[in-house]
Amino acid sequence: MTETTPPAAAPMIVIGAGIVGVMTALELQRRGKPVLLVDREGPAAGCSYGNGGAIGPNTCTPFAMPGILRRIPKWYLDPDGPVTVSPSWALRSVPWILRWILGSREAAATASARGMRFLHAGCLDAYRAALGPELAAGLLREDGYLYLYEGDQQGRGELAAAAIRETLGVPSEVLDAGRIRELEPDLAGIFRRGLKLPGNGHTVNPKRLVDTLCGIFQRGGGRFLRSEVLGFELRDGRVVALRTGDGQVAAGGVALCAGIGSGGLAAELGARLPLVAERGYHVVFGESDVRLNHKIMNGTRGFGATGMEMGLQVTGTVELDSPGSAPNWRRAEALARGARQMFRAGALGPVSSRWMGNRPSLPDSLPVIDRAPRAANAVLAFGHSHWGLSGAPRTGVLAADLLAGREAPPELRPFRASRF
């Protein structure tokens, strides 16, 4: 397939049909642009399929926080820890880990938190507007998050996170063991303290959310092409066409939203970025007597639990490894064991499914949202790490603004590609 559409009539092309790409395509369509969405697999084939479903307008704590330095040696030694580095990737990980350490300094972590606060603001309302009342009611919940801890002592990272939330005006409620039992009766009695973050929500099925939004896009006249993007045809500092596995496709503009698959394409557009795969796992207990009233994060062990329409989903941990490496299902088994300790005895049946995905991550926990250095009509919008669902709505608006030639607002400075 080769399209010879005149440049003036060529569509805006969004590369990547995860949640960031779909929300960007919808925003461009809302502005009256012809839009082509391209993905080599289909909607929600990557992390948008198996993530923990978090949609958090009040989520603003980056992964790199003060106190992380002393935990790093364990990442290389404990294969079952909340964060681990694959032996095959250990040497290659060092430059990225050093950037992560720099990002964990108090000033840097606070700057990242401000960026997250800006990017995530209004995300639940944006999904409600895109879906309409009926679809939103079936897909979204706004119950708040609980962060729970098994020990009494607050670590340096926790104290820093509390200070950031106070500075940025994020509401929270401190919980003791009795209040935790009152809010979530199906938990085991292992949690000594916790924190409730109201105003946050989740989707009951990340893939169905993306599929539904993609359906809205297509019913509105948007086109979808399942094909691999191999590169770009550039002329006079602009992308004029995509090279795909099915031939060339004329392009009026490009938004690169392909998650972990964005690195090589971004380099062709002039941006070489320290994008890595923070590989995450999930297990689903399809048969469970657990009924959760909130989305829960076990802050001691680094994983979360969410009531989904397919069952109880337990998601989390970080594994630094090459994106193409075979899944380490030992990580999923560790999640399942941790979940059984987290809930009352006998509440969980057998694991009904498991999954591994590559979170596209940059060292400061912020994505890149910027014009491409080599192409005036191309925008980079990827690297959302653990927070793709929360950041996607505003990312789509910002990407569309940049493609329209609007001046970038000051709040977009932390997301520039040149920061690395």
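All figures in this text were calculated on a predicted structure; none of them were measured in a lab. Basis for what follows: all heavy atoms, side chains included, without hydrogens, waters or symmetry-related copies.
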Within the 4.5 Å heavy-atom criterion, are [X] and [Y] side-chain neighbours or not?
X      : Y      : answer
Leu230 : Glu228 : yes
Pro360 : Phe382 : no
Thr395 : Met23  : no
Leu242 : Ile15  : yes
Arg291 : Asp186 : yes
Arg31  : Asp401 : yes
Val379 : Thr24  : no
Val239 : Leu269 : yes

Using a 6.0 Å cut-off, check whether atom [atom1] of [X] has over 12 heavy atoms from anything other than its own residue.
X      : atom1 : answer
Glu106 : CD    : no
Arg156 : CZ    : no
Arg344 : CZ    : yes
Arg243 : CZ    : yes
Lys33  : NZ    : no

_Check against side-chain contact (heavy atoms from CB on, under 4.5 Å), Arg301 and Gln341_ = CA-CA 11 Å; Arg301 306 193 187 201; Gln341 296 172 2; 2.3 Å; yes

Can you classify the ring geometry of [X] versus [Y] as parallel (below 30°), tilted (30 to 60°) or perpendicular (above 60°)?
X      : Y      : result
Tyr49  : Trp355 : tilted
Phe118 : Phe415 : tilted
His120 : Trp387 : tilted

*Salt bridge check: are Arg208 and Asp211 linked by an N-O gap of less than 4.0 Å?*
no

*Would you call Arg330 and Glu333 a salt bridge, using N to O less than 4.0 angstrom?*
no

*Going through the distances and angles, do Ser322 and Arg92 end up as a side-chain hydrogen bond (donor to acceptor under 3.5 Å, both in side chains)?*
CA-CA 10 Å; Ser322 299; Arg92 283 179 290 168; 3.2 Å; yes

*Yes or no on side-chain hydrogen bond (donor to acceptor under 3.5 Å, both in side chains) for Thr300 and Glu150, after CA distance, side-chain angles and deciding distance?*
CA-CA 6 Å; Thr300 300; Glu150 298 175 24; 4.8 Å; no

*Identify, with sequence neighbours excluded, every residue that meets side-chain hydrogen bond (donor to acceptor under 3.5 Å, both in side chains) alongside Glu287.*
none

From [X] [atom1] over to [Y] [atom2], what is the distance, rounded to the nearest 0.5 angstrom?
X      : Y      : atom1 : atom2 : result
Ser385 : Met116 : OG    : CE    : 8.0 Å
Asp364 : Arg419 : CG    : CZ    : 4.0 Å
Asn298 : Met342 : CG    : CE    : 5.0 Å
Leu312 : His282 : CG    : NE2   : 11.0 Å
Ser227 : Asp39  : OG    : CG    : 10.0 Å
Leu148 : Lys196 : CG    : NZ    : 12.0 Å

*Say whether Asn377 and Arg371, considering side chains only, have a donor N or O and an acceptor N or O under 3.5 Å apart.*
no

*asked:* Can you see whether Gln154 engages Tyr149 through a side-chain donor-acceptor pair at a distance of less than 3.5 angstrom?
replied: no

*Got a sec, which residues hit ring pair (Phe, Tyr, Trp, His ring centres under 6.0 Å) with Tyr147, two or more places apart in sequence or on another chain?*
none

*asked:* For a salt bridge (charged side-chain N to carboxylate O under 4.0 Å, His left out) check, start with the C-alpha distance between Asp125 and Arg128, then their side-chain angles and the critical distance, and finish with the verdict.
replied: CA-CA 5 Å; Asp125 290 337; Arg128 292 188 186 104; 2.7 Å; yes

*Derivation and outcome, salt bridge (charged side-chain N to carboxylate O under 4.0 Å, His left out), residues Glu411 and Arg394*: CA-CA 12 Å; Glu411 292 87 353; Arg394 180 159 282 185; over 6 Å; no

*Check the pair Tyr127 / Thr203 against side-chain contact (heavy atoms from CB on, under 4.5 Å), numbers first and verdict last.*
CA-CA 10 Å; Tyr127 284 120; Thr203 177; over 6 Å; no

